[in-house]
Amino acid sequence: MVLRPVWKLKQTQIDHGLKILHHLRVSVQTQRVCQSHALASNPDTFNWNYEPNNLHQARKSFDGIPKRDVSECNKLLFEYSRNNLNQEAINLFLEMHGSDVHIDGSTLSSILKVCGCLFDQILGKQIHSHCVKSGLEADVSVGTSLVDMYMKTNGVEDGKKVFDKMPERNVVSWTSLLAGYTQNGLADFAMERFCQMQTEGIKPNPFTFASVLAASAAKCMVEEGIQVHNQVIKLGFESTTFVGNSLINMYSKSGLIRDASAVFEDMKNRDAVSWNGMIAGFVLNGFELEALQLFYRMRLAGVKLTQLIFVTVIKLCANIKELAFAKQLHCRVLKNGFGYDLNITTALMVAYSKCGEMIGALDLFSTMYGVHNVVSWTAIICGFLQNGDTKQAADLFCKMSREGVRPNHFTYSTILAAFPAVSPFQIHAQVIKANYENLPSVGTALLDAYTKLGNIQEATAIFEMINDKDIVAWSAMLAGYAQTGDSDRAIKLFCKMQKDGQKPNEFTFSSVVNACAGPTAPTEQGKQLHGSLIKFGLEKAICVSSSLVTMYAKRGNIENALKVFRRQVERDLVSWNSMISGYAQHGYGKKALEIFEEMQNQGLELDGITLIGVISACTHAGLVDEGEKYFNLMVKEHGIIPKMEHYACMVDLYSRAGKLEKAMDHIKGMPFPAGATVWRTLLGACRVYLNLELGKVAAENLIALEPQDSAAYVLLSNIYAAAGQWEERAKVRKLMDERKVKKEAGYSWIELKNKTHSFMARDRSHPLSDHIYAKLEELTTRLKNAGHRPDTNFVLHDLEEEHKEAILSQHSERLAIAFGLISTPPGTPLQIVKNLRVCGDCHTVIKLISVIEGREIVVRDSNRFHHFKDGSCSCGDYW
């Protein structure tokens, strides 16, 4: 039902509504008539005592007055509203309306306050109509109460209209409007109206400043908040306790914790709110130690512990995972009689959950049976998710729905992390039904869930639907593009974000830098982002610097990766792992192990990714004994259970060293069936070492696991070709055709002036192909003069030797290098990327080109980086 504006309702409709409410309560009035007659003989016995515990007696005395005037009614009505006895206030108002008592502005102001407290806009609109009929709408007190009522019942536009029509407005009227804007999330409007108020010559009072400071805190409007603080000092309100509390809140939420602390220390009169606000500020800004110290000071000062303080300090325990202190606070909570406070119990549940004490959290949850709300349900679900029990979290989510508790947007955002125990598609349907899809928190969780499923198209569609995208939503979408290697869309989205006025933070930069680490990303883009990071002052943020280390390592610039690594003030595990893996991929196995030793000397805890990097370093450097040592170290000393990736690294270690039988023994000793990566690794080594028997075994297993993977067929056919078994090779190729398996085409690319140039073998599609082939002929002549003889064993076709040599000279990597040589000044380093493994002859040729042309050439193939310089390669011819 859509309510019409109150000033368009007919008075007959309003009176009818009031009569309905009046008749619903007529029995109450009838009971009180008897009491009135009993006291009629002695009206002077009515004694006003407005203590909350004595209001019942006051009402009895009031009922004994045979003829009441409006002042007596208003006194009791005011006391009811002041003590939140809202139903009693409504009953009294209906009695007044149904009697001959004249209703005045004070009556209406009091009952409008009650309507606001009860969130009853329907009754409020009816009272509004009565105000219009009686001509009291113009009364400043009534008008102010109307504004307050509408603002408290989400009627912002109606409240604004009432305010704008008021013929006279005082500071209380303005403060009600400002507070209403702030309460409804319209902080910008509150600040605008605050300026207008002063322009009209209205002097703010302490309550006004409290409302405006709350608006500044809500939107982190630091400059505006500081200006308001100056006015507070100028008008001498800084000594007012609740204004000081508002300043602490504003500075804390704006990240200016030192300023908040200065306000707190200067306060002469602090109440429990002051202490709680300052402790909460420290917690909010990550100053846990300072929060604990202040709590200790508060206890020494003898400040009584309130529910809010308990909630704040318990939250502190959750943040620092201080289980023992949380248990002490739990005991104190019970001692103080707050054991059934829902907020405190929920905070304790969160603390126990974050400390891994899920039994204690579940016990607390069980004690709340029958009084659970959506917050407590969400807290326990989140707790199980944080502790890795997705199934229990999913079961609780279903139970929550069965018990009739409707999930809110926080619940949906939380449960979406329970994949695969919960289907994102089912949750998405519920989210649409609840109309939460456009909220940033839910939308971000949804797009993250779809990204993890690899459905980047659906994630993008959800992102576009989110209203008022916050920095978290932007960062999540960028992370999605980075995860799928779509650097172009990531960079475009990053530029769009800045155009839309959203300032990037360290997590945004981390995501887009990770996107630039992909092999197809423009090289210069990563460097430009690094410059932007320095401009924004975020280079030293640990997540950003770690991403930079990874990006430079993956983009072939291991020197810059090391520079960023050494400049890091503090390093996380990602930094160390990136540097170790980077050195391994670039062929600097010994340097990788040096970094690993340095990491161990600092006492850092290793993880499975660290050991993959270390074993890979040993693999690329041919350090078999060291690789075995570190694998055993991982299991025996660090308690890391080897996964498929670790066994694949060990198979690679043995295979590259030519120890194929040992690699096969390792596969047989695995505690689970070997995956495709393991068999592909062994098959590749069989091709290099021409082991036909093991190659057949590896190929059969790989084809069984991935029948559409061309690598198995191609490698096996190459083994047959290298062995001269052309008929067997033809059978494999025929099998590929029958199964419609497409061989991955080999191609290489080079980036020059932010443009990528791609080449396939014997490619003549490039506009400069004539110049490229002319350069190749020149290089071929110079190579022969340098003593190079092509190794035609790498041409796996039954052709004449001369034709094989021509094919070798036109491999895609050589075309890319020739183009780089004719397109850049002498001495300029070149960086080439190839999607397949570099062949042995090309590897030899590129070493010679680095001498002939005086160039440093970096080639990234499907396995690793090769740094060619002065006739040698960083891999030591071991790849």
Side-chain angles (χ1 to χ4, degrees), residues 471-472 474-586 588 591-592 595 613 749-756 824 828-833 856 858 860 865 867:
I471 193 65
V472 180
W474 288 98
S475 299
M477 194 68 250
L478 286 167
Y481 287 139
Q483 183 178 319
T484 55
D486 196 339
S487 56
D488 289 340
R489 295 175 77 178
I491 292 165
K492 287 178 182 177
L493 185 68
F494 181 72
C495 295
K496 184 177 185 299
M497 181 191 81
Q498 291 181 292
K499 286 180 182 178
D500 287 357
Q502 185 69 259
K503 184 180 178 181
N505 63 13
E506 60 267 35
F507 302 107
T508 319
F509 270 114
S510 178
S511 296
V512 75
V513 168
N514 285 334
C516 289
T520 59
T523 304
E524 290 301 315
Q525 191 67 54
K527 294 180 180 178
Q528 291 173 10
L529 283 169
H530 193 172
S532 298
L533 279 166
I534 296 171
K535 180 181 176 182
F536 279 94
L538 295 172
E539 185 190 21
K540 293 183 180 179
I542 189 166
C543 63
V544 174
S545 58
S546 296
S547 297
L548 283 171
V549 172
T550 304
M551 186 266 292
Y552 279 123
K554 287 185 175 181
R555 298 297 294 151
N557 199 332
I558 195 67
E559 293 82 8
N560 277 356
L562 182 62
K563 287 178 183 178
V564 175
F565 179 78
R566 292 301 180 196
R567 282 201 300 264
Q568 285 185 295
V569 179
E570 57 177 320
R571 302 185 185 113
D572 59 3
L573 200 55
V574 176
S575 301
W576 290 98
N577 289 346
S578 295
M579 205 63 236
I580 293 169
S581 299
Y583 269 136
Q585 287 295 311
H586 286 264
Y588 302 114
K591 289 185 177 180
I595 294 289
W749 64 94
I750 181 173
E751 182 189 336
L752 292 177
K753 297 179 180 179
N754 293 327
K755 186 177 180 181
T756 301
T824 58
T828 305
L830 300 180
Q831 185 164 333
I832 314 297
V833 182
E856 182 180 352
V858 179
R860 177 181 182 175
F865 284 93
H867 291 256

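Values below: every heavy atom of this structure, side chains too, minus hydrogens, waters and symmetry copies. We're numbering straight along the sequence, starting at 1.
- Under the 3.5 Å distance criterion, with hydrogens and angles disregarded, a donor-acceptor pair is assigned to the side chains of Thr508 and Asn505.
- Heavy atoms from other residues, nucleotides or ligands lying under 6.0 Å from CD of Glu559 number more than 12.
- With a 4.5 Å cut-off on side-chain heavy atoms, Met579 and Arg571 do not count as touching.
- Using the six-membered ring where Trp is involved, Tyr583 and Tyr588 have ring planes that are perpendicular, over 60° apart on the 30 and 60° scheme.
- Residues Val544 and Ser510 approach most closely at CG2-N, 4.3 Å, considering heavy atoms.
- Considering all non-hydrogen atoms of both residues, Leu538 and Glu506 come closest at CD1-N, 3.8 Å.
- What you find for Ser487 and Ala515 is that their closest heavy atoms are CB-O, 3.4 Å.
- The two residues Ser578 and Thr550 have their closest heavy-atom pair at OG-OG1, 2.6 Å.
- Here the side chains of His867 and Glu856 are in contact, with some heavy-atom distance below 4.5 Å.
- Proximity of Arg489 to Lys492: side-chain heavy atoms (C-beta onward) are nowhere separated by under 4.5 Å.
- The nearest pair of heavy atoms linking Val513 to Leu548 is CG1-N, 3.9 Å.
- For the atom pair Glu570 CD and Ser545 OG, the distance stands at 8.0 Å (nearest 0.5 Å).
- Side chains of Gln568 and Ser575: a donor-acceptor N/O pair is present below 3.5 angstrom, by distance only.
- Counting only heavy atoms from C-beta outward, the side chains of Met551 and Val564 never approach each other to under 4.5 Å.
- Atoms CG and OG1, on Leu752 and Thr824 in that order, are 6.5 Å from each other to the nearest 0.5 Å.
- Phe865 and Gln831 make their closest contact through CE2-NE2, 4.4 Å (heavy atoms, listed as atom of the first residue, atom of the second, distance).
- Atom CZ of Phe565 is surrounded by more than 12 heavy atoms from other residues, nucleotides or ligands within 6.0 Å.
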Using side-chain contact (heavy atoms from CB on, under 4.5 Å), reason through Glu539 and Arg567 one step at a time and then give a plain yes or no.
CA-CA 10 Å; Glu539 185 190 21; Arg567 282 201 300 264; 3.4 Å; yes
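- Asp500 pairs in a side chain to side chain donor-acceptor pair (under 3.5 Å) with only one of the listed residues (Lys496, Gln498, Gln502), which is Lys496.
- Rounding to the nearest 0.5 angstrom, the gap separating the CE atom in Met497 from the OG atom in Ser475 is 7.0 Å.
- Side-chain atoms of His530 and Phe509, non-hydrogen and from C-beta on, never get closer than 4.5 Å to each other.
- Ser546 places a side-chain N or O within 3.5 Å of a backbone atom of Ile542 that can act as its donor or acceptor partner.
- Here CG of Leu493 is found 10.5 Å from CG of Asp486. Values are rounded to the nearest 0.5 Å.
- Residue Ile558 holds its CD1 atom at 12.5 Å from OH of Tyr552, rounded to the nearest 0.5 Å.
- The aromatic ring centres of Trp474 and Phe494 sit 6.0 Å or more apart.
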Should Ile471 and Lys503 be marked as a side-chain contact (heavy atoms from CB on, under 4.5 Å) after you check the CA-CA gap, both sets of side-chain angles, and the distance that decides it?
CA-CA 8 Å; Ile471 193 65; Lys503 184 180 178 181; over 6 Å; no
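- A donor-acceptor pair is defined here as one N or O able to donate and one able to accept, closer than 3.5 Å; no such pair exists between the side chain of Arg860 and the backbone of Arg555.
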